[in-house]
Amino acid sequence: MQLFVYNPNSSREMTALIARSAEAAASPGSHIVTDCARPPVPPSIEGYHDEAVAVPAMLDALRRAEAEGAQAHVIACFDDPGIGAAREVVAGPVIGIAQAAMQVASVLAARFSVVTTLPRAIPIIEDLALRYGVSHGLRRVRSVDLPVLGIEADPERAKSLLRGQIIAARDEDGAEAVILGCAGMSDMCHALSAETGLPVIDGVHAAVRLAEAMAGGGYRTSKVGAYSWPRDKSGDLVHTTPLRRPAE
């Protein structure tokens, strides 16, 4: 099967890392196609503005990928930007890495924490957990206070900061599993799990495996209701009512 893994930011280096992680997660017989945005989309997504700027290019990329044979799609950004719109424009399942990681964590552990990049991401992730129905199991969203591109620039420092926050999540939060809250952290997952003794969950890996399962099961996105195809409005009539003068 063909799976499309899309990085909504414009960092080629991060896209290459995501591709490696996705290919390592894929089963034999799965073909991973990866792509990313182009400037002026920013090289990292850190907040609502960056999400909004990135979504139009992402929707175009998903449409193209499905036309070229993709059976399922992974959005490789932990904000799950534009996930509802993405599900409208394609028929194959669309998996966000935050939702996939949270669902996996909820199966593996009764309580979990997330370790993300900057503090500004914390309320976004908390809101996602509420939307996905797993907030009761979320103990805390922690931050290493490092920009997304800082992970690329100094991966050893990033790994050290992550290790410290994972241990704190275990000892202070009572977390039984920890999610890495950025696609750029994906290649550190196995080492951090071995070093901390906790299940450490990477959203890229979780999303690829879930996408395989859904595509392999023949599941398609419902086109009844919320995720219906966007309606063609070219034939709609626009009625204007002239302003009425007040009665003299």
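What you see is a predicted model, and the numbers here were worked out from it, not measured in a lab. Residues: numbered from 1 along the sequence shown.
Side-chain contact between Arg38 and Ser10 is absent, with no heavy atoms from C-beta onward closer than 4.5 Å. Residues Cys77 and Asn9 have side chains not in contact (no heavy-atom distance under 4.5 Å, counting atoms from C-beta outward). Considering only heavy atoms from C-beta on, Pro230 comes within 4.5 Å of Val89 through its side chain. Taking the side chain as every heavy atom from C-beta outward, Ile124 and Glu51 approach each other to under 4.5 Å. The shortest distance between side-chain heavy atoms of Ile45 and Val148 does not fall below 4.5 Å. In this structure, the side chains of Ser27 and Arg209 come closer than 4.5 Å at one or more pairs of heavy atoms. Residues Phe112 and Val134 meet the side-chain proximity criterion, which asks for heavy atoms closer than 4.5 Å. For the pair Ile75 and Tyr6, the minimum side-chain heavy-atom distance is 4.5 Å or more.
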Handout entry: side-chain hydrogen bond (donor to acceptor under 3.5 Å, both in side chains) between Asp232 and Ser234, worked out
Key = CA-CA 6 Å; Asp232 180 4; Ser234 59; 2.8 Å; yes

Practice task
Show your reasoning for whether side-chain contact (heavy atoms from CB on, under 4.5 Å) applies to Arg157 and Leu146.
Solution key: CA-CA 10 Å; Arg157 177 169 180 257; Leu146 192 66; 3.1 Å; yes

Exercise for the section: Check the pair His205, Ser21 against side-chain contact (heavy atoms from CB on, under 4.5 Å), reporting the backbone distance first and the verdict last. Expected result: CA-CA 7 Å; His205 186 283; Ser21 297; over 6 Å; no

Exercise for the section: Please step through side-chain contact (heavy atoms from CB on, under 4.5 Å) for the pair Val115 and Val178, ending with a clear verdict. Expected result: CA-CA 7 Å; Val115 182; Val178 171; 3.7 Å; yes

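Minimum interatomic distance between Val224 and Ser228 (heavy atoms only, all atoms of both residues): C-OG, 3.7 Å. The shortest heavy-atom contact between Val90 and Ala86 is CG2-O, 3.3 Å. Taking each heavy atom of Asp50 and Ser44 in turn, the nearest pair found is OD2-O, 3.5 Å. Taking every heavy atom of both residues into account, Pro93 and Thr221 meet most closely at CA-OG1, 3.8 Å. Contact between Ile122 and Ser143 at its shortest, heavy atoms only, is CD1-CB, 4.1 Å. Between Pro8 and Ala37, the closest heavy-atom pair is O-CB, 3.4 Å.
To the nearest 0.5 Å, atoms CD1 (Ile125) and CG (Asp79) are separated by 6.5 Å. A distance of 8.5 Å separates CD of Glu68 from CZ of Phe4, quoted to the nearest 0.5 Å. With values rounded to the nearest 0.5 angstrom, Glu212 atom CD is found 6.5 Å from Ile32 atom CD1. Here the NE2 atom belonging to His136 is positioned 7.0 Å from the CZ atom belonging to Arg111, to the nearest 0.5 angstrom. Atom-to-atom distance recorded for Arg87:CZ and Lys223:NZ is 10.5 Å, nearest 0.5 angstrom. Glu88 CD to Ile83 CD1: the interatomic distance, rounded to the nearest 0.5 Å, is 12.0 Å.
A salt bridge does not link Lys159 with Glu156: every distance from a Lys NZ or Arg NE/NH1/NH2 to an Asp or Glu carboxylate oxygen is 4.0 Å or more. Under a 4.0 Å N-O distance rule, the pair Arg142/Asp173 qualifies as a salt bridge.
Without hydrogens or angle criteria, Ser186 side chain to Ala183 main chain gives a donor-acceptor distance under 3.5 Å. For the pair Glu66 (side chain) and Ala91 (backbone), a donor-acceptor distance under 3.5 Å is present. Under the 3.5 Å distance criterion, the side-chain polar atoms of Thr15 are matched with a main-chain donor or acceptor of Ser11. Although no hydrogens or angles enter the test, the distance criterion places a donor-acceptor pair under 3.5 Å between the side chain of Gln71 and the main chain of Gln2. Counting only distance, with no hydrogens or angles, the side chain of Asp80 and the backbone of Ile97 share a donor-acceptor pair below 3.5 Å. Between the Arg170 side chain and the Leu198 main chain, no donor and acceptor come within less than 3.5 Å of each other. Within the 3.5 Å criterion, the main-chain N or O of Ala109 finds no donor-acceptor partner in the side chain of Glu176.
Grouping the Ile, Leu, Val, Met, Phe, Trp and Tyr side chains by contacts below 4.5 angstrom, directly or via other members, places Leu138 with Ile201. In the hydrophobic clustering of this structure, Leu130 does not group with Ile179; members are Ile, Leu, Val, Met, Phe, Trp, Tyr whose side-chain heavy atoms approach within less than 4.5 Å, directly or through other members. In the hydrophobic clustering of ILVMFWY residues, with side-chain heavy atoms under 4.5 Å counting as a link, Val55 and Ile18 come out together. Cluster membership for Met1 and Val5, using ILVMFWY side-chain heavy atoms within less than 4.5 angstrom, is shared. Under the 4.5 Å side-chain heavy-atom criterion for Ile, Leu, Val, Met, Phe, Trp and Tyr, Val141 and Leu162 are members of distinct hydrophobic clusters.
Checking Ile151, Leu180, Leu161, Leu149 one by one against Thr117, the side-chain contact (heavy atoms from CB on, under 4.5 Å) holds for a single residue, Ile151.
Within 6.0 Å of OH in Tyr219 there are 12 or fewer heavy atoms belonging to other residues, nucleotides or ligands.
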